[in-house]
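Read the structure below first, then the notes.
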Amino acid sequence: MQSNLPVSLPADTALLLQKDKQHIWHPFTQVQTAPNNVVIARGEGAYLIDTEGNRYIDAMASWWVNLHGHCHPAITKAIYKQLNTLEHALFAGFTHQPAIEYAELLLGAMGGYDKVFFSDNGSTAVEVGLKMALQYAHNLGKPKYRVIAFDNAYHGDTFGGMSVAARNAFNLPFDKLLFEVDALPLPTDANMDSVLAQLEALLSTGKVACFIFEPLIQGAGGMVCYSAAHLSRMIALCRQYECPTIADEVMTGFGRTGTTFALQQLSEQPDIVCLSKGITGGYFPLGATVCRQFIYDAFINHDKMKTFFHGHSYTGNPTTIVAAIASLQLLLHPDTQIAISAICDAHKAFMETIKHHSHATNIRCVGTILAMDMTTTEQHGYLNSISETMATFFFKRGIILRPLGNVLYIMPPYCTTPEELEQIYEAIREWLEEYAKY
Ligand SMILES: Cc1ncc(COP(=O)(O)O)c(C=O)c1O
């Protein structure tokens with residue numbers, strides 16, 4: 001996050017920052033060159049508010065997690081109530097009402113899935129999905145060790161997640177330790193036949209345990225969109241070869257793409273779905289990996305070696321799960337569905353107004369996610385320094401954005417009002433004018 005905090009800060013904030021520097025190692029941050037962190041004191045609806053009382057529209061939903069705004073009373077109330085009842089309990093040999101209620105609600109909202117496995121975050125939801133698919137083959141007595149993924153993918157920062165992702169700055173130091181994957185290009189109208197042929201060649205070896213993908217849009221890879229129809233054909237081919245498919249909906253889940261789940265826009269449904277981020281409305285870390293009955297059935301046996309030996313200390317944490325229940329109930333409420341449609345429509349209308357702008361290329365929108373590329377002389381990608389310039393520009397206008405290198409995107413919480421959206425669009429227009437002068 002770029003800070004425009006004044007050089008002389010009030011004593012409290014300065015002290016907090018000093019202690020922050022002294023004690024904390026922040027994620028994705030090169031301290032040598034990073035500006036001061038911004039000390040956030042409160043959250044309210046679409047806004048984050050710093051210790052000086054400055055209000056910022058959280059236009060990227062706090063790293064894509066916030067759905068209904070900060071400190072939503074319904075979620076806060078549910079958590080408070082749960083905290084007075086049961087804060088946590090071990091989840092092997094024991095269960096509880098919140099987990100059962102949520103599993104039922106989630107499976108109902110997804111349709112066609114049968115079991116929910118809880119973990120802690122997006123990376124663990126992916127690890128669980130990969131391990132389910134790999135052990136599924138092992139338990140059937142036909143072990144398979146190849147995994148198919150897409151070029152440019154991002155699936156989290158654990159070793160499994162890094163392995164199935166594109167090899168880039170995120171994982172370079174660990175390259176030698178990552179397992180090999182067969183990477184396919186994203187399908188386009190032009191290369192679809194070739195991608196299908198490559199996929200079939202891999203599947204026909206009989207060695208592929210699973211195919212993992214971010215449906216409709218690759219997030220951290222730069223908000224790269226691709227067709228639901230092409231992906232559906234790839235899933236269908238995998239099914240023909242009895243190869244499980246894994247949709248990583250960590251970013252796309254819970255309304256981001258305009259439907260509650262991106263897979264609802266596919267004509268073929270994946271076998272395993274990884275969920276996190278918006279799952280608790282942005283309150284607590286939680287991962288959920290959802291699968292079909294046939295995957296689960298391969299783990300049911302008198303032979304204990306067929307057990308899924310995976311779990312985390314906080315698996316199924318009830319306090320976290322009541323936040324997920326309240327958030328999903330809010331998401332499914334007609335008012336939220338209307339708000340999501342309004343954001344989708346507003347994005348499309350805004351795109352029209354800037355489509356001829358010479359400095360924004362590949363302007364695109366998938367549901368509530370709007371993105372565009374800035375052409376720069378530097379190599380395009382996450383490390384492109386234009387991202388810092390853009391983040392500072394928007395921050396000075398009271399908007400929090402963290403572009404992915406040269407890719408400017410917004411992913412607002414669904415409570416964002418038309419006026420707040422307009423403020424974001426206006427700042428983008430202003431940025432494009434400013435950028436024209438570079
Ligand atoms: C598609 C996808 N999968 C997995 C992850 C990892 O999630 P987390 O950061 O919660 O571990 C992310 C995070 O951005 C993601 O976008």
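Indexing begins at 1, ligand by ligand and atom by atom, following the structure's order.
- Listed by chain and residue number, the protein contacts of ligand 1 are W64, N121, G122, S123, Y154, H155, G156, E214, D248, V250, M251, K277 (heavy atom within 4.0 angstrom).
- You'll find the ring centres of F299 and F309 outside the 6.0 Å limit.
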Given F179 and F159, is the ring pair (Phe, Tyr, Trp, His ring centres under 6.0 Å) satisfied, shown in steps? CA-CA 8 Å; F179 61 76; F159 272 81; 9.8 Å; no
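- Applying the side-chain hydrogen bond (donor to acceptor under 3.5 Å, both in side chains) rule to pairs touching residues 99-116 yields Q97-E101, K115-Q293, sequence neighbours excluded.
- Ring geometry, Y435 versus H359: the interplanar angle exceeds 60°, so the pair is classed perpendicular (tilted spans 30 to 60°).
- Salt-bridge formation is detected for the pair R146/E180: a Lys NZ or Arg NE/NH1/NH2 atom is positioned less than 4.0 Å from an Asp or Glu carboxylate oxygen.
- Aromatic ring centroids of H312 and H310 lie under 6.0 Å apart.
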